[in-house]
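Okay, so here's the structure we're looking at.
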Amino acid sequence: MGLAGLSTANERDHQPDWPVESEVRRARVALARSAPLVPVSDIRLLRARLAEPAFLLHAGDCAETFRDNTRRSVANRVSLLRGIADAIEMKSGRSVVTVGRIAGQYAKPRSAPSEQRAGVSLPSYFGDAVNDADFAPGKRTADPWNMVRAYEQSRKTLTYLSDSGVFTSHEALLLDYEQPQTRRSADEGRLYDHSAHLLWIGERTRSLTGPHVAFAAGIANPIAVKIGPGATPADLMALHAVLNPDNVPGRLAFIFRMGRRRAYDLVYAMLSRMVAEGWVDRVVCDPMHGNTVVSPAGVKTRVVGDIESELRAFFGACNDTGVVPGGIHLEVSGDDVSECVATQVNDTYLATNYRSVCDPRLNPVQAAYLGQVVGELLVPHREFSAWLEVAMSHR
């Protein structure tokens, strides 16, 4: 395996360059023989909920880790998600469906295949399902059996999630993990990925000619796609044609991550095309990934004020095009971390409790504040949402 940890061919698709192919095959067989993490009935339930006018709260860890997968950690995240959902419902009067970035968010695409520290170069950390976050020789080697460990950890998380009302999701990045857990249903003959209720395709892997879009097109789970500032309305049209050709409610969501400076104009153009085409796809705002900055000390962070600005721009574009805002996508921690800052970048504050192994997350106070903001921004849509819920109940 090369030092970068990714082969040239696989780097484009963000797939690990596993060092021993026979071990990959064995790991895939183990996953294929494993029990489904989530049943078809629950996947269909989420798809039905997303076909309704409920607002989607899609939030959770940037990257889950095996070491932090404890009952307390999961309980804290669930409590936070419930609190945000309750705040949105109370402010807006609109029902909320909650989907966590949880029980499977163990793989991450990275902007560079290798990382350098003090003159030492090692493969980047691609999530616990691939390698270890510790920067040490041997720790960063891709190990296909980490996918099996990710399955086992996800199963453990699901025992903690029972009766929580939280659906699960993660980025469908590792095809060696997703494909073996995809099975055909006995009653309708459709393929379902049993690794999570909802799967999303990232901004880096949404190529129409790539394997991720092809995989997502073949499964019946609800699907989301991240859309960044480089996308065009034509790109959206092509993705819709492949992923939701029958224009089925609850099937597809577009998650816009544009950055606060260009969010209004770019989202407005996308929504205008969607209105013109008559699509029923859900539109969601990810106000975090386009607003990452680096502190003077070299620490990745996000400013809550910038996140709020993109939220307001997204809702403004929805208002001006007549599109009902469909949800928000946030990276949050249930613990009192110091990874995002309120208004100004402050390395002293960031150093107090920065624990993320990848991107900065909102702490509970910051996340609760944004939940209040979202609830207030949804108020102008209250009357339409109430009418739509009544109309849907009489279908």
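These numbers come from a predicted model, not from an experiment.
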What's the spacing between [X] [atom1] and [Y] [atom2] if we round to 0.5 Å?
X      : Y      : atom1 : atom2 : value
His197 : Leu46  : NE2   : CG    : 7.0 Å
Ile102 : Thr168 : CD1   : OG1   : 8.5 Å
Thr343 : Glu308 : OG1   : CD    : 11.5 Å
Ser73  : Arg67  : OG    : CZ    : 12.5 Å
Tyr264 : Asn319 : OH    : CG    : 9.0 Å
Gln366 : Asp336 : CD    : CG    : 8.5 Å

Other residues, nucleotides, ligands: >12 heavy atoms within 6.0 Å of [X] [atom1]:
X      : atom1 : result
Arg183 : CZ    : yes
Arg33  : CZ    : no
Asp163 : CG    : no
Glu21  : CD    : yes

Can you tell whether the side chains of [X] and [Y] come within less than 4.0 Å, N to carboxylate O?
X      : Y      : value
Arg117 : Glu115 : yes
Glu64  : Arg77  : yes
Arg28  : Asp176 : yes
Glu152 : Arg155 : no
Glu331 : Arg101 : yes
Lys300 : Asp359 : yes
Arg72  : Asp335 : yes

Sort out for me which residue in Gln15, His14, Glu203 forms a side-chain contact (heavy atoms from CB on, under 4.5 Å) with Pro109.
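Result for side-chain contact (heavy atoms from CB on, under 4.5 Å) with Pro109: His14.
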
For residues 344-375, which residue pairs pass the ring pair (Phe, Tyr, Trp, His ring centres under 6.0 Å) check, not counting sequence neighbours?
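Applying ring pair (Phe, Tyr, Trp, His ring centres under 6.0 Å) to every pair that reaches into residues 344-375, excluding sequence neighbours, yields nothing.
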
According to ring pair (Phe, Tyr, Trp, His ring centres under 6.0 Å), does anything in residues 44-102 pair up with another residue at least two apart or in another chain? List the pairs.
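Residue pairs passing ring pair (Phe, Tyr, Trp, His ring centres under 6.0 Å), neighbours aside: His58-Trp200, His58-His329, Phe66-Tyr106.
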
Is it true that [Y] and [X] share a donor-acceptor pair across their side chains at a distance under 3.5 Å?
X      : Y      : value
Trp145 : Glu23  : yes
Gln181 : Asp193 : no
Thr301 : Ser295 : no
Glu339 : Asn363 : no
Thr232 : Asp235 : yes

Salt bridge (charged side-chain N to carboxylate O under 4.0 Å, His left out) contacts touching residues 256-271 (sequence neighbours left out):
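Listed once each, the pairs are Arg260-Asp306.
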
Listed partners of Thr65 passing side chain to side chain donor-acceptor pair (under 3.5 Å), at least two apart:
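If we apply the side chain to side chain donor-acceptor pair (under 3.5 Å) test to Thr65, skipping adjacent residues, the hits are Asp68.
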
Can you sort out the partners of Thr292 under side chain to side chain donor-acceptor pair (under 3.5 Å), two or more places apart, ordered by chain and number?
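Side chain to side chain donor-acceptor pair (under 3.5 Å) list for Thr292, sorted by chain: Arg302.
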
Within the structure provided, determine whether [X] and [Y] are in side-chain contact (heavy-atom separation under 4.5 Å).
X      : Y      : answer
Arg47  : Asn221 : no
Cys358 : Arg110 : yes
Arg251 : Pro222 : no
Leu378 : Pro325 : yes
His170 : Ser195 : yes
Tyr125 : Asp134 : no
Arg94  : Val324 : yes
Val225 : Leu252 : yes

Could you check whether any side-chain N or O of [X] sits under 3.5 Å from a backbone N or O of [Y], counting only pairs where one atom can act as donor and the other as acceptor?
X      : Y      : answer
Ser92  : Gly375 : no
Ser185 : Gly189 : yes
Asp61  : Ala63  : no
Glu171 : Gln105 : no
Arg82  : Ser164 : yes
Asn131 : Ser124 : yes
Asn69  : Gln153 : yes
Arg206 : Ile227 : no
Arg190 : Arg184 : no
Asn146 : Val130 : yes

Treating Ile, Leu, Val, Met, Phe, Trp and Tyr as nodes and any side-chain heavy-atom pair under 4.5 angstrom as an edge, say whether [X] and [Y] lie in one connected cluster.
X      : Y      : value
Phe314 : Val304 : yes
Val374 : Val97  : no
Phe256 : Leu243 : yes

N/O donor-acceptor pairs under 3.5 Å from side chains in residues 267-286, not counting sequence neighbours:
from	atom 1	to	atom 2	distance (Å)
Ser272	OG	Tyr268	O	2.8
Asp281	OD1	Asn244	ND2	2.8
Asp281	OD2	His240	ND1	2.5
Arg282	NH1	Ala54	O	2.6
Arg282	NH1	Gly326	O	2.8
Arg282	NH2	Leu50	O	2.8
Arg282	NH2	Glu52	O	3.0
Arg282	NH2	Ala54	O	3.3
Asp286	OD1	Met288	N	3.0
Asp286	OD1	His289	N	3.3
Asp286	OD1	His289	ND1	3.4
Asp286	OD2	Lys226	NZ	3.1
Asp286	OD2	His289	ND1	2.7

Give the intermediate values and the outcome of side-chain contact (heavy atoms from CB on, under 4.5 Å) for residues Val120 and Phe135.
CA-CA 10 Å; Val120 177; Phe135 190 82; 4.1 Å; yes

Between Phe167 and Leu45, is a side-chain contact (heavy atoms from CB on, under 4.5 Å) present by the stated rule, with each step listed?
CA-CA 10 Å; Phe167 294 96; Leu45 175 60; 4.1 Å; yes

Taking all atoms of both residues into account, what is the closest heavy-atom pair of Pro144 and Ala27, and its distance?
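Looking at all heavy atoms of both residues, the shortest contact is O-CB, 3.7 Å.
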
